[in-house]
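Down below is the structure, laid out as structure tokens.
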Amino acid sequence: MLLVIDVGNSHTVFGIYENRQLRHHWRLQTNRGRTADEYGVMVGQLLAGVAGLRIGGVAVSSVVPPLSTVIDDWSRRYLGLKPLFVGPGVRTGMPILYDHPAELGSDRLVNAVAAYQRTRAATIVVDFGTATKVDYVSAKGEYVGGVIAPGLGIASDALAERAARLYRVELAKPPQAVGRNTAHAIQSGLIYGFVALVDGLIVRVQRETKTPARVIATGGFAPLLAPESARIDEVDEFLTLEGLRLIYERNSGH
């Protein structure tokens, strides 16, 4: 079995693949202070509940550099496996047209690989995570570039922290766009505002690239925001995990 790990700024997602099937998955809060031993205890408890588990490989996408070292140490000590980290020198099967490829976040590349494998056509990936990312893959399967904007959670926090009379609200769809109280007004601005932001970016990318690219959404806020979008075609909350599986296979000869 293959253990895949997506280390994001807010959450870390673990998945277990048996051949090409995602059998188990867990989403945990990312803690930059966690040690290799703490990972050993925590992940060990999760994996203990999986019957017949025999991990033969580990693939990791991490946008939190301090935790990359911790996970590498944990995997070697507790699993006896050298993990594959997505980064320079790793075969992804996708040409990168970014001006400075080393600056490209591994999560963006992994998502692009998984999305193109599915569509085999021009594709836009929208990742609703800590940051909101809109990435474009050409019809030839090239990672071209994309857009990075603040995420929904960041915007909510900033609004509460910087506006004296506003406060944090539940990140949920309001009853209507025109809020009749402050909480609903804030929810409307956050939910419908972000949907309008993303839909506008998708239209601009499609216009600029002159292609009606298919749009796939992923990320923690995708289930909340994507249903309100007029431009998103489908949602796959495990797109990053699938990309990690594909890249691991391309580097292991499986």
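As the structure is a prediction and not an experimental result, all values here were calculated from the model.
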- Arg250 backbone acceptor or donor facing Arg91 side chain under 3.5 Å: yes

- Task: Supply the atom-to-atom distance Leu3 CG to Ile16 CD1, rounded to the nearest 0.5 angstrom.
- Result: 4.5 Å

- Task: To the nearest 0.5 angstrom, please state how far the CD1 atom of Ile186 sits from the CD atom of Glu170.
- Result: 13.0 Å

- Query: Are Met42 and Leu28 side-chain neighbours, meaning at least one heavy-atom pair lies under 4.5 Å?
  - Reply: yes

- Message: Does Thr209 form a side-chain contact (heavy atoms from CB on, under 4.5 Å) with Val144? I'd like the steps, not just the answer.
- Response: CA-CA 10 Å; Thr209 58; Val144 179; over 6 Å; no

- Looking only at atom types and distance, does a side-chain atom of Tyr116 sit under 3.5 Å from a main-chain N or O of Ala139, one as donor and one as acceptor? yes

- Message: Could you walk me through whether Val215 and Gln206 satisfy the side-chain contact (heavy atoms from CB on, under 4.5 Å) test, starting with their C-alpha distance in whole Å, then the side-chain angles of each, then the deciding distance to 0.1 Å, before giving a yes or no?
- Response: CA-CA 10 Å; Val215 183; Gln206 290 174 328; 4.1 Å; yes

- Item | More than 12 heavy atoms from other groups under 6.0 Å of CZ on Arg168 | yes

- Query: Which is it for Tyr17 and Leu244 under the side-chain contact (heavy atoms from CB on, under 4.5 Å) test, yes or no, and what are the steps along the way?
  - Reply: CA-CA 10 Å; Tyr17 275 92; Leu244 281 169; over 6 Å; no

- Task: Verify, without hydrogens or angle tests, whether Ser75 (side chain) and Leu81 (backbone) share a donor-acceptor contact under 3.5 angstrom.
- Result: yes

- Task: Measure from the side-chain N and O atoms of Thr132 to the backbone N and O of Pro150, and report whether any donor-acceptor pair falls under 3.5 Å.
- Result: yes

- Note on the structure: Ala112 and Met94 have their tightest heavy-atom pair at O-CE, 3.5 Å

- Where is the tightest heavy-atom contact between Ser10 and Thr130, given as atom of each residue plus distance? OG-OG1, 2.6 Å

- Just by distance, with hydrogens left out, do Thr30 and Thr12 show a side-chain donor and acceptor under 3.5 Å apart? yes

- Side-chain H-bond candidate by donor/acceptor type, Asp199 with Ser229, under 3.5 Å: yes

- Query: Is it true that the side chains of Arg32 and Asn9 contain a donor and an acceptor less than 3.5 Å apart?
  - Reply: yes

- Item | Shared hydrophobic cluster, Val63 / Ile247 (ILVMFWY, side-chain heavy atoms < 4.5 Å) | no

- Can you tell if the side chain of Arg54 reaches within under 4.5 Å of the side chain of Glu18, non-hydrogen atoms only? no

- Query: Rounded to the nearest 0.5 Å, what separation is found between the CZ atom of Phe194 and the CG atom of Leu224?
  - Reply: 11.0 Å

- Query: At what distance, to the nearest 0.5 angstrom, does CG of Leu79 lie from OH of Tyr39?
  - Reply: 13.0 Å

- Message: Checking side-chain polar atoms at under 3.5 Å, does Thr218 have a donor or acceptor matched by the opposite partner on Asp127?
- Response: no

- Task: Find the distance between CD (Glu234) and CD1 (Ile216) and round it off to the nearest 0.5 Å.
- Result: 4.0 Å

- Item | Test item: Asn31 side-chain N/O and Gly33 main-chain N/O as donor-acceptor pair under 3.5 Å | yes

- Note on the structure: Here the pair of heavy atoms bringing Arg245 nearest to Leu2 is CA-CD2, 3.9 Å

- Message: Any non-hydrogen side-chain atom of Leu225 less than 4.5 Å from a side-chain atom of Val198?
- Response: no

- Say whether, by atom type as modelled, one donor and one acceptor occur between the side chain of Asp72 and the main chain of Ser68 under 3.5 angstrom. no

- Message: For Trp74 and Phe14, take the angle between the two ring planes, folded into 0 to 90°, and tell me which bin it lands in: parallel under 30, tilted 30 to 60, perpendicular over 60.
- Response: perpendicular

- List the steps, then state whether salt bridge (charged side-chain N to carboxylate O under 4.0 Å, His left out) holds for Arg118 with Glu242. CA-CA 10 Å; Arg118 175 176 302 181; Glu242 179 64 12; over 6 Å; no

- How long is the gap from OH on Tyr143 to CG on Asp135, to the nearest 0.5 Å? 3.5 Å

- Should Ile5 and Val70 be regarded as members of a common hydrophobic cluster, given that ILVMFWY residues are connected when their side-chain heavy atoms come within less than 4.5 Å of each other, either directly or indirectly? yes

